[in-house]
Q: 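Below is the structure I would like to discuss, written out as structure tokens.
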Amino acid sequence: MGGIAGIQYLESSLNMDKQMLVQKMLDTVKHRAPHCHVEAVEQGITLGVRYHQQEDRSRVMAHDGSRDLWVILDGEVFHSSNTHEYKEKAISDAQIILQQYQQRGLKFLNQIDGSYSISIWDGEQKRLLLARDRFGVKPLFYLKLSNIILFASEIKAILASQLYRKSVNLRALNNFLSYGYVPNPDTLFDSINQVRPGHMIICQDGKITEQAYWKFSYRQDKSNKPEAYYKEKFLDIFETAVSRRLKRHNDCGAFLSGGLDTSAVVAVMHKLKQVPFKVFTAGFEEERYNEISDAKIVADHMRLDHITTILRFNEDFPQLLEKIVWHHDAPFSDTSAIPSYFAAKLAKEHVNTVLTGDFPDQLIGGSGHQAKALERLSSDPVPYRLLRNHNLNNLVTCLRWSAGSTTVLDKIKRMLYRETFPLEEQRIILNMPIPELLKQRLYSPEMLRVNSEYNPLLVARSIYGDVKEYTLLDKLLYFDILSYAPDDLMVKVDRMTSAHGLNAISPFHDLD
């Protein structure tokens, strides 16, 4: 929807044009939205925001002079505890956040549902707040130097300040080579961190503290209602979520892959809108990867305006990869970023907003790796279960082996290594871009030390530890919701749509 940036000087004597600095930061992310406003709030504090339409400025920035409060926002609020009252008064999203903060203090986000990154300057408390939505849909990064705090929607905006000397975070690099993405709150830049989903950063008196305002948890329904009840309940919640977003963006289109996720969104849109709308699909020349024919069946059935594009990789492909890396501010291993980039480019030629089908796999188990894990669990041989032992894992890890070897002995060693992990950790092991055993052959002594001190699997284990008594499927979903979705899936969606100034919204992120 746009972007935010700002700077806080902890020493007012520093001589620098802070408005020009924040303007420079926001100029670096002008692809996110065309319009920009920078406000020197008071000595030492400057805030800025990017937005799509001139009239949007009041929606993403709010001010209360009586209490010296300022709010800037990237994203949207779709529901709050006072939604009906706010509608009657035509209060903007930023004003909703401002009023909730005035009423509830640091608990201001408890009753708000939306996709957002927020900054609040509280002049009375001399306090800067940075907050990010529950599922990490909108990005927010920050850097604390000795006497300066910088924040922005993209890392490149922080780099544009030229106040930071670039340095690689080796721990994050090691994690990237294990997961294919950088788990929050790290980034590949040393000292530049993400605000974690469902968290806020409080900057006060030269100190930074982190506070969680929400965390996903399972709720057990012991009422044992029939399956039909839950189907109806899910549909009711889903239709409400789509309706909330259509009321804000009635002229939006949708991505359509032909899969159940996007098709479900499009079907509910069709039911609610009752008029044709545009849907967009990016396909490949290779038939086995091409989803256009599946999407066409759905679009034709509902008589929608189906707009497609075919991806063709020519001599410009290296430049395309460089552009995608630039938008991600780092290497990114999820190859679906490429069709996402072209689908967003196509959609922006016709609409400003699309509804997407992102996130149901993480909510209700639609991914292939989840199905494979459950199939494996149902036919799990006793010998394999006996292999899952921490001490045996340590022993197998120490065995010598040859990288890339196809000998029977080395294949057995790799199989034994994999099978000594619990099934939920095998989800990580099987998908590692650079497996742990291969690191022993590829890494320098320094990186081997980093890998030893900061075992990448500790990230997954800390997440799985929250649900250690739950089923295998619950564990897999929990990890995907807390790690894969915000650090891979939503990064891809935000960066590839924002690259073209396209607003992308998924109803599956609705808090209900």
Side-chain angles (χ1 to χ4, degrees), residues 1-4 73-80 93 97 100 106-120 129-142 151-155 172 175-176 179-188 192-203 208-219 241 328-330 332 334 356 358-363 459-460 462-467 474-495 497-498 504-512:
M1 178 53 72
I4 62 175
L73 162 74
D74 170 26
E76 298 178 88
V77 172
F78 292 111
H79 184 67
S80 81
D93 289 2
I97 293 167
Q100 289 283 352
L106 294 181
K107 296 181 179 180
F108 72 105
L109 290 173
N110 290 3
Q111 304 299 321
I112 292 178
D113 180 23
S115 302
Y116 48 74
S117 59
I118 297 168
S119 174
I120 297 179
L129 300 181
L130 306 174
R132 193 171 172 205
D133 64 72
R134 293 165 177 82
F135 298 108
V137 176
K138 292 297 179 181
L140 188 55
F141 303 90
Y142 66 97
F151 68 88
S153 294
E154 295 188 19
I155 293 175
N175 284 338
F176 170 77
Y179 291 91
Y181 58 85
V182 178
N184 67 81
D186 283 342
T187 73
L188 281 177
I192 298 180
N193 294 305
Q194 306 179 54
V195 178
R196 291 200 253 194
H199 286 67
M200 68 176 70
I201 298 297
I202 304 168
C203 311
I208 289 182
T209 56
E210 182 183 56
Q211 179 175 312
Y213 68 88
W214 184 86
K215 186 175 182 181
F216 176 83
S217 62
Y218 288 112
R219 291 179 294 184
H328 283 94
D329 289 317
F332 192 69
D334 190 336
T356 76
D358 298 304
F359 204 54
D361 287 347
Q362 292 71 50
L363 286 176
V459 175
S462 67
I463 294 173
Y464 287 135
D466 292 342
V467 289
D474 285 339
K475 291 176 182 177
L476 296 174
L477 295 176
Y478 190 78
F479 175 85
D480 283 353
I481 289 170
L482 267 67
S483 184
Y484 167 73
D487 295 329
D488 184 305
L489 176 63
M490 299 321 305
V491 171
K492 173 196 70 179
V493 173
D494 175 82
R495 304 309 189 278
T497 55
S498 293
I505 306 168
S506 176
F508 288 104
H509 286 113
D510 195 275
L511 187 57
D512 286 347

Q: Is the centre of the F479 ring less than 6.0 Å from the centre of the Y484 ring?
A: no

Q: Step by step, work out the side chain to side chain contact (heavy atoms under 4.5 Å, CB included) result for Y116 and D93.
A: CA-CA 10 Å; Y116 48 74; D93 289 2; over 6 Å; no

Q: Whether the side chain of S498 engages the backbone of R495 through a donor-acceptor N/O pair (distance < 3.5 Å, no angle test) should be reported.
A: no

Q: Mind checking whether F216 and L482 have side chains closer than 4.5 Å, heavy atoms only?
A: yes

Q: When you measure from the side chain of D487 to the backbone of N184, do you find a donor-acceptor pair of N or O atoms at a distance under 3.5 Å?
A: yes

Q: Which residues pass the side chain to side chain contact (heavy atoms under 4.5 Å, CB included) test with V467, sequence neighbours left out?
A: Y218, Y470, K475, Y478

Q: So F359 and H509, would you call those rings parallel, tilted or perpendicular, with 30° and 60° as cut-offs?
A: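 Rings of F359 and H509: parallel, under 30°.
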
Q: For a quick test of reading the model, state the closest non-hydrogen atom pair linking F141 to S153 and the distance between them.
A: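 Heavy atoms of F141 and S153 come nearest at CE1-O, 3.4 Å.
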
Q: Could you tell me which non-hydrogen atom of I481 sits nearest to which non-hydrogen atom of L363, and how far apart they are?
A: CD1-CD2, 4.3 Å

Q: Any idea which heavy atoms bring P486 and P197 closest together, and the distance?
A: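 So the minimum-distance heavy-atom pair works out to CB-CG, 3.7 Å.
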
Q: Are any non-hydrogen side-chain atoms of T187 and D329 less than 4.5 angstrom apart?
A: no

Q: Are the side chain of S462 and the backbone N or O of V459 linked by a donor-acceptor pair below 3.5 Å?
A: yes

Q: Go through F151 and I4 one step at a time and tell me if the side chain to side chain contact (heavy atoms under 4.5 Å, CB included) criterion holds.
A: CA-CA 8 Å; F151 68 88; I4 62 175; 4.2 Å; yes

Q: Quick one: list whatever passes salt bridge (charged side-chain N to carboxylate O under 4.0 Å, His left out) with K215, sequence neighbours left out.
A: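 If we apply the salt bridge (charged side-chain N to carboxylate O under 4.0 Å, His left out) test to K215, skipping adjacent residues, the hits are D466.
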
Q: CG of D510 to CG of D113: how many Å apart, nearest 0.5 Å?
A: 5.0 Å

Q: Not counting sequence neighbours, which residues clear side chain to side chain contact (heavy atoms under 4.5 Å, CB included) with V195? List them please.
A: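 Residues passing side chain to side chain contact (heavy atoms under 4.5 Å, CB included) with V195: L130, R132, L140, Y142, I201.
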
Q: Give me the atom names and distance for the closest heavy-atom approach of P185 to R196.
A: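 Smallest heavy-atom distance, with atoms named: CB-CG, 3.7 Å.
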
Q: Does any part of the side chain of S115, heavy atoms only, come nearer than 4.5 Å to the side chain of I505, both counted from C-beta?
A: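 No, every pair of side-chain atoms sits at 4.5 Å or beyond.
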
Q: To the closest 0.5 Å, what do you measure between CG (L73) and OG (S119)?
A: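 One gets 10.5 Å once the value is rounded to the nearest 0.5 Å.
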
Q: Taking all atoms of both residues into account, what is the closest heavy-atom pair of V182 and A172, and its distance?
A: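 Shortest heavy-atom contact: CG1-CB, 3.8 Å.
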
Q: When the ring planes of Y181 and Y179 are compared, do they come out parallel, tilted or perpendicular, using 30° and 60° as the limits?
A: tilted

Q: Once you round to the nearest 0.5 Å, how far does CD1 of I112 lie from NZ of K107?
A: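 That separation rounds to 15.0 Å.
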
Q: Kindly give the heavy-atom pair with the smallest separation between D133 and K138, and that separation in Å.
A: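 Closest approach of D133 to K138: OD2-N, 3.0 Å.
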
Q: Any chance you could lay out the side chain to side chain contact (heavy atoms under 4.5 Å, CB included) test for L489 and D358, step after step, and finish with the verdict?
A: CA-CA 8 Å; L489 176 63; D358 298 304; 3.9 Å; yes

Q: Hey, could you give me the CZ/OG1 distance between F508 and T356, rounded to the nearest 0.5 Å?
A: 9.0 Å

Q: Could you please spell out the steps behind the side chain to side chain contact (heavy atoms under 4.5 Å, CB included) verdict for Q362 and F135?
A: CA-CA 11 Å; Q362 292 71 50; F135 298 108; over 6 Å; no

